[in-house]
Each structure stands twice: as structure tokens, then as C-alpha cells.
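Scroll down for the structure; my scribbles are underneath it.
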Amino acid sequence: METNGASGVNGIGLARIAQMIVVEGKEDTVAIRRAVDADTIETGGSAIDDKVLRRIELARERRGVIIFTDPDVPGEKIRKIIEARVPGCSHAFLAKADARGKDGIGVEHASPEAIRAALARVRVSAGGGAAAGAEGAIAQPAERPASGADASKARQADKTGATGAGVAAAAVGEANDAGEPEIAWADLIDAGLIVHPAAASRRERMGELLGIGYANGKQFYKRLGMFRITRAEFAEALRQLTREGVGE
């Protein structure tokens, strides 16, 4: 865990994480502490109040912050709220398969091994300093928050098969705001990540391979720029996706 800010090993053999980890609830904290020695901030769900956001701001300034929410819609909403208010945080992502339990999907259901693997692949959003986008990088304060997203247009593009010049242009503009992307919109089409019958399942697996989580087409493109995914990283993940035969 040294690569993401761990500061040694505690008395019971767990790696110590220097940053504060933001989770959704108490059970998530329990799961995190089974895997690593870390301090957490609990949002109490997706309705984050101003007091919690101020605590996250202070934590980012003093220690750095890793956002580690559930791999579902509410979890993604929490990430967006925090990133808008406290830009430049680090992000850890769990695959849905690793977070699935009898009563749903959540960090609380993940094994210690899955949690440690996600923390070993922490990524920093663009604007978080010179190390932004590197695996295991430490969050630094950012200049400005990433812009919001209009997910409904991207969902419509997936459903209809229309690339939509307006949708593509908007996605390019937003990705450029967060970080100049190396991956073009056309690359996503060629890779079968948008405008493809199995685009959603292919994006889900690519998100796991790249360590940036699942997102719709427009948000996925934005994350490629936000986390500064290189063409080499993208190509290697695509080769693995092809080897696995996902959505083919």
C-alpha cells in the first residue's frame, strides 16, 4: 500500500493509510478497517449535509481524501457532490462483482483483499497536481471543480445508436475542462464502448481494468480525461477485454 500513501504497518499487520477515506456508512467503515488501518468520514448516504462537506474539505487540506463509495447510482451521486465541492480528491473504485452481497451492492460486502486492491489503484482527478491520474497517487488540492454531466443524452445515444454530434461535442468539452484526453470519442466507438449492443457491459469491464469504475458513455469519456488515462493503458485494457471476449 505504500504507493497510495500508506504510512507503515500497525501492530496487527494492517497497512496504515495516510489519507482519510470517505465512505457512505458505518458498515462500510467496518469493512475498510478489516482491510487496512484507516480513518473514515461517513456521508450518511447521498443526502450529504454541509457539515460533512466541510469535514471533507478540512481532511483534504490536512491529510488528503480518498472517495470510496458504493459502485451504484447513489454512490456515483455522492462522488459528484464531493468532487464539485472538494475538487482534486483521490478516487477508489470497486467492481460490482466484488461489492455484491445478499442484500445489494456496497463496500460493506467487499472482502479485505478486494478493498486493498481498490486502494492500491487509487486515481487522482486531473487538477489534483503533477501526479494526477497515476495509480496510487496522493490527492492534492485542485484549481477548480470538474463540470457536471448531462447523463440523459449519453443514455439516449447508447439506446438509439446515434453518436450525436451535440453529445460528442459536449463530452469533448467537458473532458477538456477536466484534463485533455488522449483517447478520442471515435476510439470509444471503435472499441465498442458506445454505439454497440454490448456497450454497457464492455464499459463496465473496461472501467474495472482501468480502475476508473463504471459510467455511461459520456461520463466514461470524461473520466478517461479526468484521470488522464494514456493510450497505452487504454490499448492494454482493450486487449484484455478482447481476450476475455466481453460482449462479442
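These figures come from a predicted structure and were not determined experimentally. Keep in mind that the numbers below use all heavy atoms, side chains included, and drop hydrogens, waters and symmetry copies.
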Side chains of [X] and [Y], heavy atoms from C-beta outward: is any pair under 4.5 Å?
X	Y	answer
W185	I194	yes
E248	T242	yes
I32	V107	yes
V36	R16	no
F227	V124	no
F93	R223	yes
F68	E24	no
E208	P71	no

Residues forming a salt bridge (charged side-chain N to carboxylate O under 4.0 Å, His left out) with [X], sequence neighbours excluded:
X	value
E27	none
D49	none
R100	none
R62	none

So which heavy atom on [X] is nearest to which on [Y], and how close?
X	Y	value
L188	G217	CD2-O, 4.1 Å
I115	L94	N-CD2, 4.4 Å
R34	R116	O-NH1, 4.2 Å
I17	R63	O-NH2, 4.0 Å
L209	A237	CD1-O, 3.4 Å
A198	S201	O-OG, 3.0 Å

Between [X] (side chain) and [Y] (backbone), is there a donor-acceptor pair under 3.5 Å?
X	Y	answer
E76	A215	no
E83	G88	yes
T40	E42	no
Q219	N216	no
R202	A191	yes
D28	E108	yes

How long is the straight-line distance from [atom2] of [Y] back to [atom1] of [X], given to the nearest 0.5 Å?
X	Y	atom1	atom2	result
L58	I41	CG	CD1	8.0 Å
I78	T43	CD1	OG1	4.0 Å
C89	I67	SG	CD1	4.0 Å
I82	I48	CD1	CD1	4.5 Å
T230	E182	OG1	CD	5.5 Å
E204	L241	CD	CG	11.0 Å

Which is it for E244 and Q240 under the side-chain hydrogen bond (donor to acceptor under 3.5 Å, both in side chains) test, yes or no, and what are the steps along the way?
CA-CA 6 Å; E244 295 176 7; Q240 180 60 31; 2.8 Å; yes
With a 3.5 Å cut-off and no angle check, do the side chains of H109 and D98 form a donor-acceptor pair?
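Distance-only check fails for H109 and D98.
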Y214 with I105, same ILVMFWY side-chain cluster at under 4.5 Å:
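No, Y214 and I105 fall in different hydrophobic clusters.
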Given E233, which partner from the list R228, R123, R121 fulfils the salt bridge (Lys or Arg N to Asp or Glu O under 4.0 Å) test?
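Filter result, single survivor: R123.
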Walk me through whether R239 and E236 qualify under salt bridge (charged side-chain N to carboxylate O under 4.0 Å, His left out).
CA-CA 5 Å; R239 283 193 290 271; E236 177 54 36; 2.8 Å; yes
Between D37 and R33, is there a side-chain N and carboxylate O pair less than 4.0 Å apart?
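Between R33 and D37 there is no salt bridge, as every charged N stays at least 4.0 Å from the carboxylate O atoms.
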Non-neighbouring partners of R79 that pass side-chain hydrogen bond (donor to acceptor under 3.5 Å, both in side chains), sequence neighbours left out:
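Listed in chain order: T69, H91.
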If the condition is side-chain hydrogen bond (donor to acceptor under 3.5 Å, both in side chains), which residues does R231 pass it with, not counting sequence neighbours?
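If we apply the side-chain hydrogen bond (donor to acceptor under 3.5 Å, both in side chains) test to R231, skipping adjacent residues, the hits are D187.
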